[in-house]
J.: 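Dropping a structure here in C-alpha coordinates format, bear with me for questions.
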Amino acid sequence: MRPRPLPLKHLAPFFVMHKDPEYYVQGVLDRNRLMLARTITLVESTLPAHQALARTVIDRLLPHTGNAVRLGITGVPGAGKSTFIESFGTLLTEKGHRVAVLAVDPSSTRSGGSILGDKTRMEKLAVNDNAFIRPSPSGGTLGGVARKTRETMLVCEAAGFDVVIIETVGVGQSETTVASMVDFFLVLMIAGAGDELQGIKKGVLEVADAIAINKADGDNVMRAEMARKEYQAALHLLMPGSPNWSPPVLTCSALTLTGVDKIWETVLEHRDTLTKSGELAAIRKKQALDWMSFLLDEGLRGWFFGDPEVKEALPRLRTAVERGEMSPTIAAAELLGRLK
(Lines give C-alpha, C1' and ligand atoms only; values in the text may rest on other atoms or scores of the structure.)
Protein backbone atom coordinates (compact mmCIF):
# COMPACT_ATOMS: atom_id res chain seq x y z
CA MET A 1 0.00 0.00 0.00
CA ARG A 2 1.46 3.36 -1.08
CA PRO A 3 1.91 5.98 1.69
CA ARG A 4 -0.46 8.92 1.60
CA PRO A 5 1.15 12.25 0.66
CA LEU A 6 1.50 14.83 3.39
CA PRO A 7 -1.05 17.67 3.31
CA LEU A 8 0.35 21.01 2.12
CA LYS A 9 0.08 22.49 5.62
CA HIS A 10 2.67 19.93 6.81
CA LEU A 11 5.01 20.66 3.90
CA ALA A 12 4.89 24.44 4.25
CA PRO A 13 7.50 24.75 7.06
CA PHE A 14 10.14 23.25 4.76
CA PHE A 15 9.79 26.23 2.43
CA VAL A 16 9.86 28.94 5.11
CA MET A 17 13.10 30.88 5.46
CA HIS A 18 14.02 31.53 9.09
CA LYS A 19 15.01 35.11 9.88
CA ASP A 20 17.64 34.25 12.49
CA PRO A 21 21.08 33.86 10.84
CA GLU A 22 22.25 31.71 13.76
CA TYR A 23 19.73 29.08 12.66
CA TYR A 24 21.72 28.57 9.47
CA VAL A 25 25.20 29.19 10.89
CA GLN A 26 24.89 26.62 13.67
CA GLY A 27 23.22 24.10 11.38
CA VAL A 28 26.09 24.31 8.89
CA LEU A 29 28.78 24.12 11.61
CA ASP A 30 27.00 21.08 13.07
CA ARG A 31 27.38 19.44 9.64
CA ASN A 32 23.64 18.93 9.37
CA ARG A 33 23.04 18.00 5.71
CA LEU A 34 19.48 19.30 5.68
CA MET A 35 20.61 22.64 7.10
CA LEU A 36 23.46 22.75 4.59
CA ALA A 37 20.97 22.36 1.74
CA ARG A 38 18.65 25.00 3.24
CA THR A 39 21.53 27.45 3.67
CA ILE A 40 22.58 27.01 0.05
CA THR A 41 18.95 27.56 -1.01
CA LEU A 42 19.01 30.80 0.98
CA VAL A 43 22.27 31.86 -0.67
CA GLU A 44 20.88 31.14 -4.15
CA SER A 45 17.63 33.03 -3.54
CA THR A 46 17.15 36.25 -5.49
CA LEU A 47 14.73 37.80 -2.99
CA PRO A 48 16.25 40.97 -1.41
CA ALA A 49 15.37 39.89 2.15
CA HIS A 50 16.99 36.48 1.60
CA GLN A 51 20.08 38.06 0.05
CA ALA A 52 20.55 40.33 3.06
CA LEU A 53 20.21 37.38 5.44
CA ALA A 54 22.58 35.28 3.32
CA ARG A 55 25.26 37.99 3.50
CA THR A 56 25.12 37.89 7.31
CA VAL A 57 25.30 34.09 7.33
CA ILE A 58 28.29 34.02 4.96
CA ASP A 59 30.09 36.64 7.03
CA ARG A 60 29.68 34.58 10.21
CA LEU A 61 30.79 31.39 8.45
CA LEU A 62 33.86 33.01 6.89
CA PRO A 63 36.22 32.27 9.85
CA HIS A 64 35.46 28.57 9.40
CA THR A 65 36.43 28.49 5.70
CA GLY A 66 39.61 28.49 3.65
CA ASN A 67 41.11 25.11 4.51
CA ALA A 68 39.60 23.05 1.70
CA VAL A 69 41.21 22.07 -1.58
CA ARG A 70 39.26 23.96 -4.24
CA LEU A 71 39.16 22.24 -7.64
CA GLY A 72 37.64 23.39 -10.89
CA ILE A 73 36.94 20.73 -13.51
CA THR A 74 35.87 21.41 -17.07
CA GLY A 75 36.18 19.60 -20.37
CA VAL A 76 34.96 19.15 -23.91
CA PRO A 77 31.56 17.51 -24.51
CA GLY A 78 31.87 13.76 -24.22
CA ALA A 79 34.97 13.92 -22.03
CA GLY A 80 33.11 12.11 -19.26
CA LYS A 81 33.20 14.82 -16.59
CA SER A 82 30.44 13.32 -14.46
CA THR A 83 31.87 9.79 -14.61
CA PHE A 84 35.31 11.13 -13.78
CA ILE A 85 34.06 13.24 -10.86
CA GLU A 86 32.13 10.28 -9.45
CA SER A 87 35.21 8.01 -9.62
CA PHE A 88 37.51 10.77 -8.38
CA GLY A 89 35.16 11.76 -5.54
CA THR A 90 34.64 8.15 -4.47
CA LEU A 91 38.41 7.63 -4.38
CA LEU A 92 38.82 10.69 -2.17
CA THR A 93 36.12 9.59 0.27
CA GLU A 94 37.88 6.22 0.55
CA LYS A 95 41.00 8.15 1.54
CA GLY A 96 39.04 9.80 4.36
CA HIS A 97 38.14 13.09 2.68
CA ARG A 98 34.74 14.77 2.66
CA VAL A 99 33.89 15.90 -0.86
CA ALA A 100 31.40 18.53 -2.02
CA VAL A 101 30.55 18.72 -5.72
CA LEU A 102 28.99 21.92 -7.02
CA ALA A 103 27.83 20.89 -10.48
CA VAL A 104 26.74 23.90 -12.50
CA ASP A 105 24.07 22.84 -14.98
CA PRO A 106 23.01 24.62 -18.17
CA SER A 107 19.92 26.69 -17.48
CA SER A 108 16.74 26.50 -19.45
CA THR A 109 16.42 29.73 -21.42
CA ARG A 110 12.67 29.69 -20.83
CA SER A 111 12.26 28.68 -17.20
CA GLY A 112 15.75 29.36 -15.85
CA GLY A 113 15.68 25.90 -14.32
CA SER A 114 18.36 23.25 -14.34
CA ILE A 115 18.20 20.92 -17.34
CA LEU A 116 20.45 18.12 -16.12
CA GLY A 117 20.14 16.10 -12.93
CA ASP A 118 23.59 15.61 -11.43
CA LYS A 119 22.41 13.24 -8.74
CA THR A 120 21.19 10.89 -11.46
CA ARG A 121 24.51 11.21 -13.29
CA MET A 122 26.53 10.44 -10.13
CA GLU A 123 24.36 7.83 -8.44
CA LYS A 124 27.13 6.17 -6.44
CA LEU A 125 28.59 9.42 -5.11
CA ALA A 126 25.14 10.84 -4.36
CA VAL A 127 24.50 8.20 -1.69
CA ASN A 128 27.99 8.43 -0.17
CA ASP A 129 27.82 9.74 3.42
CA ASN A 130 31.08 11.63 2.94
CA ALA A 131 29.98 13.37 -0.25
CA PHE A 132 27.52 16.14 -1.05
CA ILE A 133 26.32 16.98 -4.56
CA ARG A 134 24.59 20.25 -5.28
CA PRO A 135 23.34 20.89 -8.83
CA SER A 136 22.45 24.47 -9.59
CA PRO A 137 21.42 26.27 -12.79
CA SER A 138 24.06 28.52 -14.32
CA GLY A 139 21.49 31.25 -14.91
CA GLY A 140 23.33 32.25 -18.05
CA THR A 141 26.22 33.62 -16.00
CA LEU A 142 29.54 34.14 -17.76
CA GLY A 143 31.52 30.92 -17.77
CA GLY A 144 28.57 28.77 -16.82
CA VAL A 145 29.42 29.34 -13.18
CA ALA A 146 26.31 29.89 -11.08
CA ARG A 147 25.92 33.38 -9.69
CA LYS A 148 26.32 32.20 -6.10
CA THR A 149 28.92 29.47 -6.58
CA ARG A 150 31.54 31.36 -4.52
CA GLU A 151 29.25 31.65 -1.53
CA THR A 152 28.06 28.05 -1.85
CA MET A 153 31.68 26.88 -1.84
CA LEU A 154 32.30 28.72 1.43
CA VAL A 155 29.20 27.20 3.02
CA CYS A 156 30.42 23.71 2.09
CA GLU A 157 33.86 24.45 3.55
CA ALA A 158 32.28 25.62 6.81
CA ALA A 159 30.30 22.36 6.89
CA GLY A 160 33.56 20.41 7.03
CA PHE A 161 34.07 19.42 3.40
CA ASP A 162 37.82 19.49 2.79
CA VAL A 163 37.61 19.05 -1.00
CA VAL A 164 35.25 21.21 -3.04
CA ILE A 165 34.87 20.43 -6.74
CA ILE A 166 33.23 22.86 -9.15
CA GLU A 167 32.10 21.19 -12.36
CA THR A 168 31.45 23.71 -15.13
CA VAL A 169 29.15 23.44 -18.13
CA GLY A 170 31.83 22.94 -20.78
CA VAL A 171 34.91 24.33 -22.46
CA GLY A 172 34.83 27.85 -23.89
CA GLN A 173 36.59 31.16 -23.57
CA SER A 174 34.22 32.25 -20.79
CA GLU A 175 34.81 29.03 -18.83
CA THR A 176 38.11 30.47 -17.63
CA THR A 177 36.14 32.51 -15.07
CA VAL A 178 36.10 29.42 -12.84
CA ALA A 179 39.87 29.82 -12.40
CA SER A 180 39.24 32.93 -10.32
CA MET A 181 37.66 30.89 -7.53
CA VAL A 182 39.68 27.65 -7.36
CA ASP A 183 43.21 26.60 -6.44
CA PHE A 184 43.58 23.94 -9.12
CA PHE A 185 41.97 23.94 -12.56
CA LEU A 186 41.73 20.57 -14.35
CA VAL A 187 40.76 20.26 -18.00
CA LEU A 188 39.45 16.88 -19.20
CA MET A 189 39.99 15.91 -22.80
CA ILE A 190 39.51 12.79 -24.92
CA ALA A 191 41.54 11.32 -27.76
CA GLY A 192 40.37 10.04 -31.12
CA ALA A 193 37.83 12.80 -31.72
CA GLY A 194 39.53 14.56 -34.62
CA ASP A 195 42.14 17.25 -34.17
CA GLU A 196 42.38 17.43 -30.38
CA LEU A 197 44.10 20.80 -30.40
CA GLN A 198 41.07 22.34 -32.11
CA GLY A 199 38.75 21.03 -29.41
CA ILE A 200 39.86 23.46 -26.73
CA LYS A 201 40.32 27.21 -26.60
CA LYS A 202 43.71 28.76 -25.96
CA GLY A 203 42.33 30.72 -23.00
CA VAL A 204 41.44 27.49 -21.19
CA LEU A 205 44.90 26.05 -21.80
CA GLU A 206 46.46 29.16 -20.31
CA VAL A 207 44.71 28.73 -16.96
CA ALA A 208 44.90 24.93 -16.76
CA ASP A 209 46.98 23.54 -13.90
CA ALA A 210 46.78 20.09 -15.50
CA ILE A 211 45.19 18.39 -18.49
CA ALA A 212 43.90 14.84 -18.23
CA ILE A 213 43.13 12.70 -21.27
CA ASN A 214 40.19 10.62 -20.07
CA LYS A 215 38.91 7.30 -21.45
CA ALA A 216 42.47 5.96 -21.78
CA ASP A 217 41.35 2.34 -21.70
CA GLY A 218 41.00 -0.60 -24.08
CA ASP A 219 41.84 0.20 -27.69
CA ASN A 220 42.05 3.90 -26.86
CA VAL A 221 45.23 3.73 -24.74
CA MET A 222 47.62 4.45 -27.64
CA ARG A 223 45.49 7.30 -28.99
CA ALA A 224 45.33 8.80 -25.50
CA GLU A 225 49.11 8.68 -25.21
CA MET A 226 49.49 10.39 -28.61
CA ALA A 227 47.05 13.09 -27.53
CA ARG A 228 48.98 13.54 -24.28
CA LYS A 229 52.17 14.26 -26.24
CA GLU A 230 50.36 16.75 -28.50
CA TYR A 231 48.97 18.68 -25.57
CA GLN A 232 52.28 18.64 -23.75
CA ALA A 233 53.93 20.16 -26.82
CA ALA A 234 51.17 22.77 -27.08
CA LEU A 235 51.57 23.78 -23.42
CA HIS A 236 55.29 24.39 -23.95
CA LEU A 237 54.40 27.12 -26.45
CA LEU A 238 52.35 29.02 -23.87
CA MET A 239 53.52 31.23 -21.03
CA PRO A 240 52.91 29.26 -17.81
CA GLY A 241 50.35 30.82 -15.49
CA SER A 242 52.58 30.23 -12.48
CA PRO A 243 56.34 30.77 -12.12
CA ASN A 244 56.42 27.78 -9.77
CA TRP A 245 54.35 25.22 -11.68
CA SER A 246 54.45 23.65 -15.15
CA PRO A 247 51.08 22.04 -16.02
CA PRO A 248 51.46 18.31 -16.70
CA VAL A 249 49.38 16.31 -19.17
CA LEU A 250 48.14 13.00 -17.77
CA THR A 251 46.08 10.08 -19.00
CA CYS A 252 43.36 8.34 -17.03
CA SER A 253 40.30 6.17 -17.21
CA ALA A 254 37.34 6.99 -14.99
CA LEU A 255 35.88 3.55 -15.72
CA THR A 256 38.90 1.43 -14.77
CA LEU A 257 40.25 4.05 -12.28
CA THR A 258 43.60 3.93 -14.06
CA GLY A 259 45.54 7.13 -13.45
CA VAL A 260 42.84 8.73 -11.27
CA ASP A 261 44.99 8.44 -8.14
CA LYS A 262 47.86 10.10 -10.02
CA ILE A 263 45.66 13.14 -10.66
CA TRP A 264 45.04 13.55 -6.92
CA GLU A 265 48.78 13.24 -6.29
CA THR A 266 49.30 16.02 -8.84
CA VAL A 267 46.75 18.22 -7.06
CA LEU A 268 48.54 17.70 -3.74
CA GLU A 269 51.96 18.32 -5.34
CA HIS A 270 50.65 21.56 -6.85
CA ARG A 271 49.20 22.65 -3.49
CA ASP A 272 52.45 21.86 -1.66
CA THR A 273 54.56 23.70 -4.24
CA LEU A 274 52.40 26.83 -4.23
CA THR A 275 52.08 26.83 -0.43
CA LYS A 276 55.83 26.71 0.09
CA SER A 277 56.40 29.52 -2.42
CA GLY A 278 53.66 31.68 -0.88
CA GLU A 279 51.77 31.76 -4.18
CA LEU A 280 48.70 29.95 -2.85
CA ALA A 281 48.16 32.65 -0.20
CA ALA A 282 48.49 35.30 -2.93
CA ILE A 283 45.97 33.42 -5.09
CA ARG A 284 43.46 33.28 -2.23
CA LYS A 285 43.82 37.04 -1.67
CA LYS A 286 43.21 37.66 -5.37
CA GLN A 287 40.17 35.38 -5.24
CA ALA A 288 38.71 37.53 -2.46
CA LEU A 289 39.30 40.70 -4.48
CA ASP A 290 37.82 39.12 -7.61
CA TRP A 291 34.78 38.11 -5.57
CA MET A 292 34.35 41.69 -4.34
CA SER A 293 34.67 43.03 -7.91
CA PHE A 294 32.10 40.52 -9.11
CA LEU A 295 29.64 41.57 -6.41
CA LEU A 296 30.22 45.24 -7.18
CA ASP A 297 29.58 44.68 -10.89
CA GLU A 298 26.47 42.66 -10.10
CA GLY A 299 25.21 45.26 -7.63
CA LEU A 300 25.81 48.19 -9.95
CA ARG A 301 24.08 46.40 -12.81
CA GLY A 302 21.06 45.63 -10.60
CA TRP A 303 20.96 49.21 -9.30
CA PHE A 304 21.22 50.67 -12.81
CA PHE A 305 18.49 48.58 -14.41
CA GLY A 306 16.30 48.98 -11.34
CA ASP A 307 16.33 52.78 -11.65
CA PRO A 308 12.80 54.01 -12.56
CA GLU A 309 14.04 56.39 -15.27
CA VAL A 310 16.17 53.69 -16.89
CA LYS A 311 13.30 51.20 -16.80
CA GLU A 312 11.03 53.77 -18.42
CA ALA A 313 13.45 54.76 -21.20
CA LEU A 314 15.02 51.38 -22.00
CA PRO A 315 12.20 49.87 -24.15
CA ARG A 316 11.99 53.02 -26.30
CA LEU A 317 15.75 53.20 -26.83
CA ARG A 318 16.02 49.50 -27.62
CA THR A 319 13.33 49.85 -30.27
CA ALA A 320 15.12 52.87 -31.77
CA VAL A 321 18.43 50.95 -31.94
CA GLU A 322 16.77 47.89 -33.49
CA ARG A 323 15.16 50.05 -36.20
CA GLY A 324 18.42 51.83 -36.94
CA GLU A 325 16.97 55.17 -35.85
CA MET A 326 19.62 55.65 -33.16
CA SER A 327 23.16 54.39 -32.72
CA PRO A 328 23.96 52.11 -29.75
CA THR A 329 26.49 54.72 -28.59
CA ILE A 330 23.92 57.49 -28.38
CA ALA A 331 21.35 55.22 -26.71
CA ALA A 332 23.81 54.06 -24.06
CA ALA A 333 24.96 57.64 -23.43
CA GLU A 334 21.35 58.77 -22.93
CA LEU A 335 20.70 55.98 -20.42
CA LEU A 336 23.89 56.68 -18.47
CA GLY A 337 23.17 60.39 -18.55
CA ARG A 338 19.94 59.86 -16.65
CA LEU A 339 21.93 58.83 -13.58
CA LYS A 340 23.97 62.04 -13.30
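We're numbering straight along the sequence, starting at 1. Model, not experiment: these values are computed from the prediction.
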J.: What distance separates T41 OG1 from M35 CE, expressed to the nearest 0.5 Å?
T.: 10.0 Å

J.: Go through the side-chain N and O atoms of T93 and N128 and say whether any donor and acceptor fall under 3.5 Å apart.
T.: yes

J.: According to a 4.5 Å side-chain heavy-atom criterion applied to Ile, Leu, Val, Met, Phe, Trp and Tyr, with indirect links allowed, do L295 and I40 form part of one hydrophobic cluster?
T.: yes

J.: Looking at T251, is its backbone amide N or carbonyl O close enough to the side chain of R228 to form a donor-acceptor pair, meaning the two atoms are under 3.5 Å apart?
T.: no

J.: Verify, without hydrogens or angle tests, whether N214 (side chain) and A254 (backbone) share a donor-acceptor contact under 3.5 angstrom.
T.: yes

J.: Hey, is the main chain of R98 close enough, under 3.5 Å, to the side chain of D162 for a donor-acceptor pair?
T.: yes

J.: With no hydrogens and no angle check, just 3.5 Å: does a side-chain donor-acceptor pair link S327 and T329?
T.: no

J.: Cut-off 3.5 Å, side chains only: do T168 and T74 have a donor facing an acceptor?
T.: yes

J.: Do L71 and L186 have side chains that approach each other closer than 4.5 Å (heavy atoms only, starting at C-beta)?
T.: no

J.: Quick one: does E151's side chain have a donor or acceptor within less than 3.5 Å of a partner on V43's backbone?
T.: no

J.: Is the backbone N or O of M153 less than 3.5 Å from a side-chain atom of R70, with the two atoms forming a donor-acceptor pair by type?
T.: no

J.: Should F84 and L268 be counted in the same cluster of Ile, Leu, Val, Met, Phe, Trp and Tyr side chains packed under 4.5 Å apart?
T.: yes

J.: Taking the six-membered ring for Trp, are F132 and F161 parallel (under 30°), tilted (30 to 60°) or perpendicular (over 60°)?
T.: tilted

J.: Of V99, V28, L102, T65, which is the lone residue that meets side-chain contact (heavy atoms from CB on, under 4.5 Å) with C156?
T.: L102

J.: So do the side chains of V69 and V164 get within less than 4.5 Å of each other, counting heavy atoms only?
T.: no

J.: Could you tell me whether E167 and R134 make a salt bridge, using a distance below 4.0 angstrom between a side-chain N and a carboxylate O?
T.: no

J.: Supply the atom-to-atom distance M181 CE to I283 CD1, rounded to the nearest 0.5 angstrom.
T.: 14.5 Å

J.: Under a 3.5 Å distance rule, please check whether K215 uses its side chain to pair with a backbone N or O of A224 as donor and acceptor.
T.: no

J.: L300 and L314: same hydrophobic cluster, using ILVMFWY side-chain contacts below 4.5 Å?
T.: yes

J.: Is the shortest heavy-atom distance from the side chain of S180 to the side chain of R150 under 4.5 Å?
T.: yes

J.: With rounding to the nearest 0.5 Å, note down the distance linking CH2 in W264 to CZ in F184.
T.: 10.0 Å

J.: Is there a side-chain contact between M189 and V187 in this structure, where contact means two heavy atoms from C-beta onward sitting under 4.5 Å apart?
T.: yes

J.: Would you say Y23 and V57 make side-chain contact, with heavy atoms under 4.5 Å?
T.: no

J.: Look at the side chain of N32 and the backbone N and O of L34, then say whether any donor-acceptor pair between them is shorter than 3.5 Å.
T.: yes

J.: Got a donor-acceptor contact below 3.5 angstrom from the S277 side chain to the L274 backbone?
T.: yes

J.: With a 4.5 Å heavy-atom cut-off, do R55 and H50 have their side chains touching?
T.: no

J.: Within a 6.0 Å radius of atom CG on D129, are there more than 12 heavy atoms belonging to other residues, nucleotides or ligands?
T.: no

J.: With a 4.5 Å cut-off on side-chain heavy atoms, are C252 and I213 touching?
T.: no

J.: Flag the pair D290 and K286 as a salt bridge only when some basic side-chain nitrogen lies within less than 4.0 angstrom of an acidic carboxylate oxygen.
T.: yes

J.: Under 3.5 Å, side chain of N220 to main-chain N/O of R223, donor-acceptor pair present?
T.: no

J.: Do other residues, nucleotides or ligands put more than 12 heavy atoms under 6.0 Å from R284 CZ?
T.: yes

J.: Do D209 and V182 have side chains that get closer than 4.5 Å, going by heavy atoms?
T.: no

J.: Can you hop from M222 to L255 via hydrophobic side chains spaced under 4.5 Å?
T.: no

J.: Report yes or no: does E86 contribute a side-chain atom to a donor-acceptor pair with the main-chain N or O of K124 at less than 3.5 Å?
T.: yes

J.: Test of understanding: clusters of I, L, V, M, F, W, Y form through side-chain heavy atoms closer than 4.5 Å, transitively. Do V221 and I211 belong to the same one?
T.: no

J.: If you look only at pairs with a residue in residues 252-276, which of them pass as a salt bridge (Lys or Arg N to Asp or Glu O under 4.0 Å), with sequence neighbours excluded?
T.: K95-D261, D183-R271, D272-K276

